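Reminder, nothing fancy here: chain letters follow the sequence lines and each chain counts from 1. Basis for what follows: all heavy atoms, side chains included, without hydrogens, waters or symmetry-related copies. What you are looking at is a predicted structure, and each value in this text was computed from that prediction instead of being measured.
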Amino acid sequence: MKKYFTTAISYVNGKPHLGHAYEAILTDVFTRYNKLFGHDCLMLTGVDEHGQKVYDVAVEKNMDPLAYCDSLIPDFTNLLKASDVDYDVFFRTTDESHMKNVQSILQKLYDKGDIYKDYYEGNYCTPCETFYTEKDLNDGKCPECGRETTIIKEENYFFNMAKYADQYEEFLNANDDFIYPKFRKNETLGILKKGLRPLCISRKKEKMPWGIEIPFDKDFVTYVWFDALINYIDGIGYLTDDEKFNSYWSGAVHNIGKDILLHHCVYWPTMLMAMEVPLPKKIVIHGFWMGEGGKKMSKSLGNVIDPIGLIEKYGSSSFRFYVLREMSLGHDGVFTKEFFINRHNNELANDFGNLLNRATHMVVKNFDGIIPEPSKKTEHCDAFISEFNTLLSGIEQKIYDYELNKALDDIMKMIRSTNKYMEDTAPWKLIKEDKELCGAVLYNALESVRITSILLSPVIPKKFEEIKDIFNGEIPGDLEFGKLVPGKKINKAVSLFPKIEKEKEPEKVKEVVQDNLIGIEDFGKVEIKTGKIIKAESVEDSNRLLLTEVDLGNGDVRQIVAGIAKFYQPEDILNKHILVASNLKPAIIMGIESQGMLLSVKKGKKLRLVEIDSELPLGKKLV
RNA sequence: GGCGGCAUAGCUCAGCUGGUUAGAGCAUCGGAAUCAUAAUCCGAGUGUCCGCGGUUCAAGUCCGUGUGCCGCUACCA
């Protein structure tokens, strides 16, 4: 069966980081496992190059946007290379044939009526020439330049996602394993339940020319996602090589981060339905890497992991092993250098590396390196082989089920049980009593080494190449215990996974862990004043807002909307002396302007206003 | 506020459709062994399985409720 694995394509404008490396490695490892189990697989990764930010930086650098993108590509390909990611396609959205395909898809959906022209209303930053959603705004201001935005209407093209919502929901309910892990499927259903709004898919070319031109209206280009998502099908010959496309697409698996669930689990499936292309087989959503203590990685905390640095220092195999083994696929994981070193030392060096050594050394020393015959057996042999085979037989299915952690866990169990087997049988004693029996034990140990090495090869491809030297460059590939042919010569393993010495941490000066500290100058920006509530009434159609007027003295009376109706009746708060954040930018809530914020304290489901001594004068600033 | 998720040994987690004395790895302590990268193996553990109530012959596992954290979202301001 043919299969097809993809990463999300990365936006070029930003350095690739641990998250990119992880996603690529994850996708690569599933591709490699499936190849190992005999499937014909392709892997795609790549970059998304269009859009405002790239265009802006290119202009700033006085470069052609495409040339600017070209200059960024090595950052990504170098990381992939360093991570031993063996991709088949590196996709660029500036690819000619992709741009043509996007256009023909746009035309098709336009002809069907799924794309239509309408007005887009949004917060627009004129200097930045960009629309922002309410959420993007920073205190109501442009998140990029900090200037005021204005609400303007603009004509744009929209994709009518809602048309396919029901059909998609049905599909989801019928295909329980379409989205992995399952709780992400529930999240998707929740989004569908709320109803889908039309998706704006265009930008005025005069404002943002760096995109694919809309074929039926030369004044517009497509906007990011409609362009980017299509890479998945273009990468394997959609509209250009039907046979290739059809054979691989039916086995397509997208690997994405949890931040782009909306785009892949809602936009993309409805787009495909509109295009009349079958949906992919599966979407796998992984979590994020956190720093020590589960804290977000950030420069200020100094807990950012540099993948290239670690790979250069400790090797790609240990790095891959760590990210795949440590993170429970779908959940967030923690990456610290200490955990990384522990993983490497305990599992790769002590358990696995040491097993390679002890098994091969004994064969070389006592049997001149000739693989002995398994002609006899000890009381432990059958039980060992049987347990080994039980674990072995479950691995393939676990990979198909995306139970990578369980698969790796089982492989480690196989390795540990082999170490135990050697303790139980003690071939170093047997050699003195019964050489043939000793040989049989070592044969079994070598079989374990061979098979577990193969099973780990997708995870540690580079080290696997070195392990091959034991078997003179070629490891018999049968995943069946007993297929190793006796009589051939093997070599002593070199130390493949040297332990990492824990660096003596220079006594860390205990810095204040709190990273939300502000300076006095920031505090000074906040103006909190004493006030008295002189009017309070409920707000129509709102179950949580109260409209108040607060006297801040000197004739300064503010209209403030407060979300406290669940906790106070209007009459409860009348004449209360309270505190007000008085220099907040006014906000419109339910169409009413709110000119400040009443300070309150919330604990669980209780909320109380902060009340002050009524003797305090009104309108005084807290200092 | 709404929707969803999580809460299990010091740490990271596994425990599927409810069923014998609740598990793994790491860390800790004790021991065996010496083929091997001071590697390996054995043993010792410790847990009000977040609290409360319920269903059941039987609940970490199901239901209700409370608390705490996380995610998305909203009329948070």
Side-chain angles (χ1 to χ4, degrees), chain A residues 134-135 139-140 181-191 193-194 258-259 261-262 287-288 290 293-294 325-328 330-334 336 338-339 342-343 345-366 403 405-406 409-410 412-413 415-432 438 441-442 445 492-500 539-547 560-566 580-581 584-600 602-605 607:
Chain A
E134 203 67 46
K135 207 174 106 184
D139 266 340
K182 204 147 287 172
F183 64 89
R184 295 295 180 195
K185 176 193 154 187
N186 295 338
E187 207 172 311
T188 306
L189 284 170
I191 296 171
K193 207 183 266 176
K194 272 188 193 152
K258 63 180 183 180
D259 54 330
L261 174 140
L262 175 67
F288 289 160
M290 298 291 156
R325 178 117 171 92
E326 186 77 18
M327 187 178 299
S328 173
H331 298 90
D332 289 349
V334 171
T336 69
E338 190 193 345
F339 286 5
N342 283 342
R343 242 337 144 192
N345 284 352
N346 289 323
E347 300 189 339
L348 287 180
N350 294 352
D351 291 339
F352 184 56
N354 184 48
L355 174 63
L356 293 178
N357 281 7
R358 65 198 306 209
T360 58
H361 281 206
M362 283 210 74
V363 172
V364 168
K365 197 160 88 181
N366 300 301
E403 308 260 39
N405 300 88
K406 287 184 182 162
D409 216 49
D410 285 353
M412 285 315 299
K413 275 186 190 150
I415 290 165
R416 290 194 182 107
S417 83
T418 311
N419 275 321
K420 178 172 162 50
Y421 170 70
M422 290 196 73
E423 291 301 318
D424 290 342
T425 53
W428 49 92
K429 281 182 186 158
L430 289 178
I431 189 70
K432 295 169 195 158
C438 172
V441 166
L442 291 179
K492 219 160 110 169
V494 293
S495 199
L496 285 168
F497 300 96
K499 284 186 90 159
I500 299 171
V539 175
E540 211 176 324
D541 293 332
S542 167
N543 55 10
R544 80 169 282 169
L545 297 182
L546 288 185
L547 175 59
I560 296 177
V561 180
I564 58 173
K566 284 270 171 73
V580 174
L584 282 179
K585 188 176 180 297
I588 306 294
I589 301 157
M590 288 284 283
I592 306 168
E593 181 168 331
S594 183
Q595 304 160 328
M597 179 167 84
L598 302 184
L599 299 191
S600 57
K602 195 174 179 193
K603 160 84 170 118
K605 293 194 165 174
L607 179 144

*Asks:* Could you tell me whether A:V561 contacts a base, only the sugar-phosphate backbone, or nothing, with contacts defined as non-hydrogen atoms closer than 4.0 Å?
*Replies:* sugar-phosphate
*Asks:* B:rU73 and B:rU28: how far apart are their C1' atoms, nearest whole angstrom?
*Replies:*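 Result for the C1' pair: 45 Å, nearest Å.
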*Asks:* Quick one: A:M412 CE to B:rU40 P, roughly how many Å, whole number?
*Replies:*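 It is 10 Å, rounded to the nearest whole Å.
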*Asks:* Find the distance A:N346:CG to B:rC11:C1' and express it as a whole number of Å.
*Replies:*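 Whole-Å distance recorded here is 13 Å.
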*Asks:* So, taking the atom named NZ in A:K413 and the one named OG1 in A:T418, what distance separates them when rounded to the nearest 0.5 Å?
*Replies:*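 Interatomic distance, A:K413 NZ to A:T418 OG1, rounded to 0.5 Å: 13.5 Å.
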*Asks:* Using atom P of each nucleotide, how far apart are B:rA36 and B:rU46 to the nearest Å?
*Replies:*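 Going atom to atom, P in each nucleotide, I get 37 Å.
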*Asks:* What is the distance from CZ of A:F352 to P of B:rU37, rounded to the nearest Å?
*Replies:* 16 Å
*Asks:* Could you check how far CG of A:L496 sits from P of B:rA39, rounded to whole Å?
*Replies:*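 After rounding, the reported distance stands at 18 Å.
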*Asks:* May I ask you to say what A:N405 touches in the nucleic acid, namely base, sugar-phosphate or nothing, with a heavy-atom cut-off under 4.0 Å?
*Replies:*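 A:N405: no heavy atom of the nucleic acid under 4.0 Å.
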*Asks:* Which value, in whole Å, describes the distance between the P atoms of nucleotides B:rC63 and B:rA27?
*Replies:*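 Going atom to atom, P in each nucleotide, I get 38 Å.
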*Asks:* Applying a 3.5 angstrom cut-off to the pairing atoms, does RNA chain B sit in any stems of at least three consecutive Watson-Crick or G-U pairs? List them by first number.
*Replies:* B:1-7 with B:67-73, B:10-13 with B:23-26, B:28-32 with B:40-44, B:50-54 with B:62-66
*Asks:* Roughly how many Å apart are B:rA22 and B:rC26, using the P atom of each and rounding to a whole number?
*Replies:*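 After rounding to an integer number of Å, I get 22 Å for this pair.
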*Asks:* Decide yes or no for A:M290 and A:M327: does some side-chain heavy atom of the first lie under 4.5 Å from some side-chain heavy atom of the second?
*Replies:* no
*Asks:* Is there, by distance only and without an angle test, a donor paired with an acceptor across the side chain of A:N354 and the base of B:rA36 below 3.5 Å?
*Replies:* yes
*Asks:* Identify whether any heavy atom of A:A581 sits under 4.0 Å from a base atom; if not, whether one sits that close to sugar-phosphate; answer base, sugar-phosphate or nothing.
*Replies:*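 Counting heavy atoms under 4.0 Å across all strands, no contact is made by A:A581.
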*Asks:* Base, sugar-phosphate, or nothing for A:K499, non-hydrogen atoms under 4.0 angstrom?
*Replies:* base
*Asks:* Send over the distance from A:K258 NZ to B:rG4 C1', rounded to a whole Å.
*Replies:*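 Interatomic distance, NZ of A:K258 to C1' of B:rG4: 13 Å.
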*Asks:* Side-chain contact, heavy-atom cut-off 4.5 Å: A:E347 with A:N342?
*Replies:*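 Not in contact.
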*Asks:* Could you walk me through whether A:K420 and A:E423 pass salt bridge (charged side-chain N to carboxylate O under 4.0 Å, His left out), step by step?
*Replies:* CA-CA 5 Å; A:K420 178 172 162 50; A:E423 291 301 318; over 6 Å; no
*Asks:* Hey, does A:R416 reach any base, or is it just sugar-phosphate, or nothing, if we go heavy atoms under 4.0 Å?
*Replies:*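 Touches sugar-phosphate only.
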*Asks:* By the 4.0 Å heavy-atom rule, please label A:F339 as base, sugar-phosphate, or nothing.
*Replies:*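 Nothing, no nucleic acid heavy atom in range.
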*Asks:* With C1' as the reference atom in both, quote the distance from B:rC3 to B:rA77 in angstrom, rounded to an integer.
*Replies:*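 Roughly 23 Å separates the two C1' atoms.
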*Asks:* Contact between A:L598 and A:V580 at the side-chain level, heavy atoms closer than 4.5 Å - yes or no?
*Replies:* yes
*Asks:* Between N or O atoms, less than 3.5 Å apart, protein on one side and nucleotides 32-35 of chain B on the other: list the pairs.
*Replies:*
unit_1	atom_1	unit_2	atom_2	d
B:rC35	O2	A:R358	NE	3.4
B:rC35	N3	A:R358	NE	3.4
B:rC35	N3	A:R358	NH2	2.6
B:rC35	N4	A:R358	NH2	3.0
B:rC35	N4	A:E423	OE2	3.2

*Asks:* A:G333 near the nucleic acid: base, sugar-phosphate alone, or nothing, with a heavy-atom cut-off under 4.0 Å?
*Replies:*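 No contact.
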*Asks:* Tell me: CG of A:L262 to P of B:rG71, nearest whole Å?
*Replies:*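 Value for this atom pair: 17 Å.
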*Asks:* Give, for atom CG of A:D424 and atom CG of A:N419, the distance between the pair rounded to the nearest 0.5 Å.
*Replies:* 11.0 Å
*Asks:* When all nucleic acid strands are considered with a 4.0 Å heavy-atom cut-off, which category describes A:G190: base, sugar-phosphate, or nothing?
*Replies:*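 Result for A:G190 = nothing.
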*Asks:* Using the test ring pair (Phe, Tyr, Trp, His ring centres under 6.0 Å), find all partners of A:H361 that sit at least two apart in sequence or belong to another chain.
*Replies:*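 Checked A:H361 against ring pair (Phe, Tyr, Trp, His ring centres under 6.0 Å); zero matches.
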*Asks:* Write down the distance between NE2 (A:H331) and C1' (B:rG15), rounded to a whole number of angstrom.
*Replies:*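 About 14 Å, once rounded to whole Å.
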*Asks:* Rounding to a whole Å, what distance do you find between A:N345:CG and B:rU37:P?
*Replies:* 15 Å
*Asks:* For atom C1', what is the distance between B:rA14 and B:rG60, given to the nearest Å?
*Replies:* 12 Å
*Asks:* Under 4.0 Å from OP1 or OP2 of B:rG15: is there any side-chain N or O of A:K406 that close?
*Replies:* yes
*Asks:* Roughly how far apart, to the nearest Å, are B:rA44 and B:rA39 at atom P?
*Replies:* 23 Å
*Asks:* When rounded to the nearest Å, what value does the distance between C1' atoms of B:rC50 and B:rU61 take?
*Replies:* 16 Å
